[in-house]
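This report concerns only the one structure given below.
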2 protein chains.
Amino acid sequence: MSLRHALLGLLSEGPASGYDLLKLFENSLANVWPATQSQLYGELGRLADAGLITVRSEGARGRKEYAVTEAGREELRHWLLDVKPAPIRRYEMLLRVFFFGQISTDDAIAYLREQQQAAEAAAEHLAEVGKMIAHHQDNFTVYGRLALEWGVRSNRLHQEWAEWAIGEVKAHDPTANTEPCDPS
Amino acid sequence: MSLRHALLGLLSEGPASGYDLLKLFENSLANVWPATQSQLYGELGRLADAGLITVRSEGARGRKEYAVTEAGREELRHWLLDVKPAPIRRYEMLLRVFFFGQISTDDAIAYLREQQQAAEAAAEHLAEVGKMIAHHQDNFTVYGRLALEWGVRSNRLHQEWAEWAIGEVKAHDPTANTEPCDPS
DNA sequence: CTCTGACATTCCAGTAGTGACATGTCGAAG
DNA sequence: CTTCGACATGTCACTACTGGAATGTCAGAG
């Protein structure tokens with residue numbers, strides 16, 4: 001049910017069409033809550049049915065400009081203040097780690113290296129986002145920067161963990177690599 | 001499609017029934033990939049239909065003991081080696097941060113404090129898991145500890161970020177109450 | 001004038017996950 | 001001998017999300 005609130009939040013900053021919202025999503029919320037076009041339009045319809053938003057005007061090309069209603073604003077506040085965010089529970093990347101026993105030590109290390117590189121790439125992407133929004137000062141961007149910093153730190157964690165995990169895997173099976181291990 | 005591979009992975013360590021797998025899940029994989037009972041049984045059926053696992057024997061109370069087939073082992077290896085894990089993209093917690101403009105600074109800070117506490121609680125939970133598995137030495141546990149360490153670091157990140165973000169929010173609106181309940 | 005590309009919406013089939021319910025067996029304790 | 005809790009599986013309705021296709025409008029470039 002979070003897309004619903006993401007849309008209410010975006011519309012709280014000003015009226016917009018489905019198409020506008022789709023564009024807005026791309027370089028902001030999509031980083032923390034992606035949504036496809038079909039999902040977005042569907043949700044807008046349901047939101048309108050529920051009276052949380054209204055069609056403020058119909059423009060050219062069938063464009064419908066939506067605006068939040070008072071009920072919508074209320075719902076958004078309620079969600080922000082009273083509903084606890086669901087913690088993340090699914091980590092496909094970590095799931096595989098449990099099964100390292102099924103592959104060779106070298107393959108496991110290669111997997112971890114890839115993860116490290118993926119985090120590096122993600123860090124570059126975030127740096128770009130940071131540059132793009134560097135001169136914006138709207139509410140949305142100001143607070144979005146908090147999320148951005150989370151991303152930066154998260155990527156660092158990812159990289160450092162992978163480094164450490166490679167060490168652990170090597171220590172557990174020293175035959176895989178040049179690093180010797182004490183034969184007590 | 002990850003539950004499929006989680007089950008193949010569990011069965012790779014030895015045959016088990018749906019019920020057994022459900023229990024196994026609880027204190028290991030559920031931390032990185034939760035699944036409900038209905039999902040699990042459903043997936044076992046599909047896995048058997050696909051020939052990736054077979055019913056090795058039927059015991060008392062309708063118990064069906066499943067074992068991986070060669071095709072299943074192959075599929076698991078393929079997934080481990082060739083399929084890139086999907087990165088995490090949904091952070092309900094961060095989504096709300098974008099909308100801090102809709103609530104008071106004090107409420108935003110309270111939200112971040114709650115997040116910090118949630119991370120603390122999660123850290124305690126992981127510490128317990130760590131204690132529980134301290135003396136196990138199976139493959140599963142050994143590699144699971146890598147995932148556990150990720151969790152520990154992740155919680156630390158969560159807490160430190162929240163601390164930092166509170167500072168940022170305060171800096172952005174200095175009228176907010178700075179030391180809420182410290183009478184020193 | 002025509003074509004292209006951005007604007008703009010709607011619908012649909014399919015998959016994954018949730019939560020609840022229904023059903024039944026077996027061993028052990030009282 | 002009954003009842004209770006662990007064992008054990010199956011089914012259903014619902015929601016969220018994915019990916020793709022279909023449809024059409026309008027402005028500006030050539």
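Order of the sequence lines sets the chain letters (A, B, ...), proteins ahead of strands, with each chain counted from 1.
- Between the side chain of B:Q39 and the base of C:dT15, no donor-acceptor pair under 3.5 Å is found.
- Between A:W150 and B:Y91, the ring center distance clears the sub-6.0 Å criterion.
- Residue B:L21 contributes atom CG, which lies 13 Å from atom P of D:dG10 at whole-angstrom precision.
- Between the side chain of B:Q37 and the base of D:dG10, a donor-acceptor pair under 3.5 Å is found.
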B:R4 and B:E43: salt bridge (charged side-chain N to carboxylate O under 4.0 Å, His left out), yes or no, with the steps? CA-CA 6 Å; B:R4 198 180 188 99; B:E43 199 60 49; 3.3 Å; yes
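- One can place CZ of B:R89 at 18 Å from P of D:dA16, the figure rounded to the nearest angstrom.
- The NE2 atom of B:H5 sits 11 Å away from the P atom of C:dA16 (whole-angstrom rounding).
- Distance A:F25 CZ to D:dC17 C1': 13 Å, rounded to the nearest Å.
- Between A:F99 and B:F140, the two ring planes are tilted [angle within 30° to 60°].
- Using a 3.5 Å distance cut-off with no hydrogens or angles, the side chains of A:H158 and A:Q115 do pair a donor with an acceptor.
- Of the listed nucleotides (C:dT18, C:dA8, D:dA8), C:dT18 has the atom at the smallest distance from the side chain of B:T36.
- For the pair B:Y41 OH and D:dC7 P, the interatomic distance rounds to 11 Å; values are reported in whole Å.
- Contact annotation: A:R63 side-chain N/O to C:dA8 OP1/OP2 distance is under 4.0 Å.
- Of all nucleotides listed (C:dC21, D:dC26, D:dT15), D:dT15 comes nearest to the side chain of A:M1.
- Counting only heavy atoms from C-beta on, B:R46 has its side chain closest to C:dA16 among D:dT25, D:dG20, C:dA16.
- For the pair A:L7 CG and C:dT9 C1', the interatomic distance rounds to 15 Å; values are reported in whole Å.
- Phosphate proximity of D:dC7 to B:Y19: present, with a side-chain N or O under 4.0 Å from OP1 or OP2.
- Atom CD in A:E58 sits roughly 14 Å away from atom C1' in D:dT25 (whole-Å rounding).
- At a threshold of 4.5 Å between non-hydrogen side-chain atoms, the residues B:E75 and B:L8 count as touching.
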Passes side-chain contact (heavy atoms from CB on, under 4.5 Å), A:F25 versus A:L10? Steps please. CA-CA 9 Å; A:F25 243 77; A:L10 280 171; 3.4 Å; yes
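- The side chain of A:K64 places no N or O atom within less than 4.0 Å of a non-bridging phosphate oxygen (OP1 or OP2) of C:dC7.
- The base of C:dG17 does not come close enough to the side chain of B:S38 for any donor and acceptor atom to sit less than 3.5 Å apart.
- Comparing C:dG17, C:dT9, D:dG10 by their closest approach to the side chain of B:W33 singles out C:dG17.
- Taking for each of A:A35 and A:R61 the nucleotide of DNA chain D with the nearest heavy atom, the 5'-most of the two is the partner of A:A35.
- Nearest to the side-chain atoms of A:R90 among the listed nucleotides C:dG17, D:dT15, D:dG20 stands C:dG17.
- Residue B:K23 places its side chain closer to D:dC7 than to any other of C:dA8, D:dC7, D:dC17.
- Between the CG atom of B:L22 and the C1' atom of D:dC7 there is a distance of 11 Å, given to the nearest Å.
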